[in-house]
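Letters A, B, ... are given to chains in the order of the sequence lines, protein chains preceding strands, and every chain is numbered from 1.
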Amino acid sequence: MPQSPAPVVTRFAPSPTGFLHIGGARTALFNWLFSRHHGGQFLLRIEDTDKERSTQAAIDAIIAGLDWLGLDHDGEIVFQSRRAARHAEVAHALLAAGNAYRCYASVEELAEMRERAKAEGKPIRYDGRWRDRDASDAPPDVAPVIRLRAPQDGETVIDDLVQGTVTIANSQLDDMVLLRSDGSPTYMLSVVVDDHDMGITHVIRGDDHLTNAFRQFHIYDLMGWDVPRFAHIPLIHGPDGAKLSKRHGALGVEAYRDMGYLPEALRNYLLRLGWGHGDDEIIPTEQAIEWFDLDGVGRSASRFDFAKLENLNGHYLRQADDQRLVSLVLPIVAGKLGRTPDADAAQRTLLAMPGLKERAKTLLELAEGALFLTEERPLAVDEKAKVLLDTPEAREILGHAYSGLKSVSDWTAESLDLTLRNMSEVEGIKFGKIAQPLRAALVGRTTSPGIFDVLAVLGRDESLARIADQINT
RNA sequence: GAUCCCUUCGUCUAGCGGUUAGGACGACGCCCUUUCACGGCGUAAACACGGGUUCGAUUCCCGUAGGGAUCGCCA
């Protein structure tokens with residue numbers, strides 16, 4: 001019998017207190033790639049146990065973000081808040097087995113304890129004051145919390161797939177709260193129970209959770225559960241090396257979409273941020289699935305670099321299907337113009353796309369470059385283009401061009417090329433002297449795709465009319 | 001303060017005891033050229049510091065400095 005390969009189950013477990021930020025997106029990507037690489041499962045769990053801060057809008061934003069990035073999850077979404085009873089059940093099992101205990105210390109009392117520890121320069125942690133106290137000491141009117149009875153001697157070792165073997169003395173761990181005084185479970189308990197119940201084999205998350213892993217380890221241990229493999233990946237920092245804030249990259253993925261980035265470009269960028277495969281830079285998703293592994297993940301934090309993202313985006317823009325780009329760009333063009341481009345304009349945009357996408361790094365730039373195809377006469381002419389147009393010489397050249405072009409019967413890039421180059425030769429004018437004023441007249445700007453393509457896409461009537469507009473001003 | 005983690009060009013990284021320390025982005029220069037791009041070629045640019053171990057350290061060990069994370073009845 002062929003033995004089935006070790007199943008891999010990963011998960012992405014955001015708390016819905018905001019959008020899907022870039023760090024979360026990368027964590028999701030790594031989990032997704034890892035599970036896809038191993039033919040396993042990628043589950044999604046919403047950690048909405050903080051009722052104060054969790055919102056439906058955030059849940060929607062996270063799901064939309066994952067969807068846009070193309071990171072599809074398996075199975076139903078698990079909502080952590082709905083599993084509170086199960087979490088409490090585990091806490092009580094721990095309590096019954098003597099692996100947890102009730103603590104009656106008040107919030108104020110604990111705050112005071114921490115204050116004192118801080119003042120004395122001692123480590124800040126729960127001192128275990130109720131760990132071995134008899135239940136008969138319990139004050140009658142205080143609702144207790146349940147704390148884990150964590151080992152105090154020896155050490156805990158985690159063989160992290162990214163960080164390596166990390167050891168911590170158990171004396172550094174304190175007895176964390178499992179169940180609050182109102183009976184609700186804490187995050188520490190919930191993650192462990194959910195990861196166990198969901199059959200998670202690999203916990204891939206930000207390394208801000210590394211120290212949590214040591215405490216969570218003992219819940220697994222005391223429950224007699226298998227401990228999943230951990231992989232704590234470094235955080236992403238802003239361009240200045242400081243923690244990512246709203247000032248730089250800590251934007252929701254939809255902000256990147258709105259800045260005109262393609263999901264495949266962001267995926268490639270995020271993949272290379274903290275992960276490497278030799279000298280490879282352009283790694284399409286199919287290839288990434290084949291190559292991705294955890295030992296390619298670096299151990300140090302990396303900075304977010306928009307310049308590199310732009311470069312990658314330019315690459316994927318050039319690769320992208322023209323029709324797809326048109327449908328992405330037209331709404332942006334509509335926004336700039338305040339009206340929806342008609343079918344003709346859409347068609348022109350499609351025809352011009354090969355020349356257009358070569359010249360853009362983002363969809364915003366692409367839309368900017370495509371604007372002249374939808375704009376109506378008389379064309380607005382920008383400053384630089386005006387300079388090119390506002391000379392007697394330019395008008396004369398445009399005049400020649402106009403009559404030359406008027407006689408062209410076969411309005412294609414090839415024959416237009418022939419006509420204009422011929423004119424350049426006959427008149428003894430450098431070709432650039434013709435092309436530039438022509439471009440200014442046709443586009444209203446000094447940059448555009450090749451001039452023959454512009455003429456061809458605009459069509460005979462529109463082209464001639466735009467040239468005439470400039471001769472007659 | 002305590003504990004843990006990190007440190008190769010400006011940035012992302014390759015390197016896994018012996019290399020002219022490689023690639024990519026960005027920068028600069030040249031070429032191509034009707035503009036802008038694309039593309040091609042090239043230049044500048046790094047092993048944080050100090051000790052060990054070793055015939056030999058960017059690579060292994062220990063310190064120092066710098067950075068980060070965590071220390072809640074938040075997640």
Determine the contact category for A/E281: base if any of its heavy atoms lies under 4.0 Å from a base atom, sugar-phosphate if only primed atoms, P, OP1 or OP2 are that close, otherwise nothing. base
Base paired to B/G42 (Watson-Crick or G-U; both N/O distances under 3.5 angstrom): B/C28
Protein-nucleotide distance (A/D160, atom CG; B/C6, atom P), rounded to Å: 10 Å
Centre of A/F431's six-membered ring, under 6.0 Å away, within 45 degrees of the axis: is that where NZ or CZ of A/R421 sits? yes
A/R359 side chain: which of B/A37, B/C4, B/C25 is closest? B/A37
Which residue lies more 5' along RNA chain B, comparing A/D280 with A/W275 via nearest heavy atoms: A/W275
Please classify the nucleic acid contact of A/T167 as base, sugar-phosphate, or nothing, using heavy-atom distances under 4.0 Å. sugar-phosphate
Between B/C12, B/U34, B/A69, spot the one nearest the side chain of A/S302, thanks. B/C12
A/Q163 CD to B/G68 P, in whole Å, measures 16 Å
Selection from B/U34, B/U70, B/C25 that lies nearest to any side-chain heavy atom of A/A307: B/C25
With sugar-phosphate meaning primed atoms plus P, OP1 and OP2, does A/P449 contact a base, only sugar-phosphate, or nothing at under 4.0 Å between heavy atoms? base
Nearest 0.5 Å, please: how far is CD in A/E89 from CG in A/L94? 11.5 Å
Distance check needed: B/C4 P versus A/D174 CG, whole Å only. 16 Å
Can you tell me which nucleotide in B/A75, B/G39, B/A2 comes closest to the side chain of A/R318? B/G39
Looking at every strand, decide which applies to A/L420 at a 4.0 Å heavy-atom threshold: base, sugar-phosphate, or nothing. nothing
Quick note, A/I168 side chain, CB onward, closest among B/C73, B/G23, B/U3 is B/U3
What does A/S54 touch in the nucleic acid at a heavy-atom separation under 4.0 angstrom: a base, only the sugar-phosphate, or nothing? nothing
Scan A/K361 against the nucleic acid and name what it touches under 4.0 Å (heavy atoms): base, sugar-phosphate only, or nothing. sugar-phosphate
Is A/G355 touching bases, backbone alone, or none of the nucleic acid, heavy atoms closer than 4.0 Å? nothing
Rounded to whole angstroms, how far apart are CG on A/L442 and C1' on B/U34? 12 Å
Between atom NE2 in A/H315 and atom P in B/G23, what is the gap in whole Å? 20 Å
Does the ring of A/Y126 carry A/R147 above it, NZ/CZ under 6.0 angstrom from centre and within 45° of its axis? yes
Watson-Crick or G-U wobble mate for B/U64, both contacts under 3.5 Å: B/A48
Taking any heavy-atom pair under 4.0 Å as a contact, classify A/H277: base, sugar-phosphate, or nothing. nothing
Pairing check on B/U70: which nucleotide meets the Watson-Crick or G-U wobble criteria with it, both distances under 3.5 Å? B/A2
Nearest whole angstrom, please: distance from the P of B/U34 to the CD1 of A/I451. 12 Å
Within the structure, does a side-chain N or O atom of A/N311 lie under 4.0 Å from either OP1 or OP2 of B/A24? no
Of A/T447 and A/D305, the one whose nearest nucleotide on RNA chain B sits closer to the 5' end is A/D305
Just checking A/A105: base, sugar-phosphate only, or nothing, at a heavy-atom cut-off of under 4.0 Å? base
Quick check for you: among B/U34, B/U70, B/C5, whose closest atom lies nearest to any side-chain atom of A/L210? B/C5
Pick base, sugar-phosphate or nothing for A/R445, based on heavy-atom distances below 4.0 Å to the nucleic acid. nothing
Check this for me: does the side-chain of A/S181 come within 3.5 Å of the base of B/C73 through a donor and an acceptor? yes
Send over the distance from A/R272 CZ to B/C12 P, rounded to a whole Å. 11 Å
Side chain of A/D279, heavy atoms from C-beta onward: which of B/C73, B/G26, B/G23 has the nearest atom to it? B/G23
Among A/F30, A/F34, A/F12, exactly one meets ring pair (Phe, Tyr, Trp, His ring centres under 6.0 Å) together with A/H202. Which residue is that? A/F34
Please name the nucleotide paired to B/U59 by Watson-Crick or G-U wobble geometry with both distances under 3.5 Å, or report none. none
Give A/V145 one of three labels, base, sugar-phosphate or nothing, depending on what nucleic acid heavy atoms sit under 4.0 Å from its own. base
Under 4.0 angstrom, heavy atoms only, what part of the nucleic acid is A/R147 near: base, sugar-phosphate, or nothing? sugar-phosphate
Indicate, with a heavy-atom threshold strictly under 4.0 Å, whether A/R299 touches base, sugar-phosphate, or nothing. sugar-phosphate
Quick check on the 6.0 Å ring-centre criterion: do A/Y220 and A/H196 meet it? no
A/I124 CD1 to B/C4 P, straight-line distance once rounded to whole Å: 16 Å
Which part of the nucleic acid, if any, lies within reach of A/F214 when heavy atoms closer than 4.0 Å are counted: base, sugar-phosphate only, or nothing? nothing
What I want to check is whether the side chains of A/H237 and A/S302 have a donor and an acceptor closer together than 3.5 Å. no
Could you give the distance separating B/G23 and B/C4 at their P atoms, to the nearest angstrom? 39 Å
What's the closest nucleotide to the side chain of A/V166 if the choices are B/C5, B/C12, B/A75? B/C5
Of the listed nucleotides B/C12, B/G72, B/U35, the one nearest the side chain of A/L273: B/C12
Any side-chain donor near an acceptor of the partner, A/H87 and A/D194, under 3.5 Å: yes
Lys/Arg cation over aromatic A/Y316: A/R318, 6.0 Å, 45° cone: no
Need the pair for B/A37. Rule: Watson-Crick or G-U wobble, both distances under 3.5 Å, any strand; none if unpaired. none
Modelled atom types, side-chain donor and acceptor of A/S81 and A/D48, under 3.5 Å: yes
Nearest-neighbour nucleotide for the A/Q436 side chain, B/A2, B/U70, B/U35 considered: B/U35
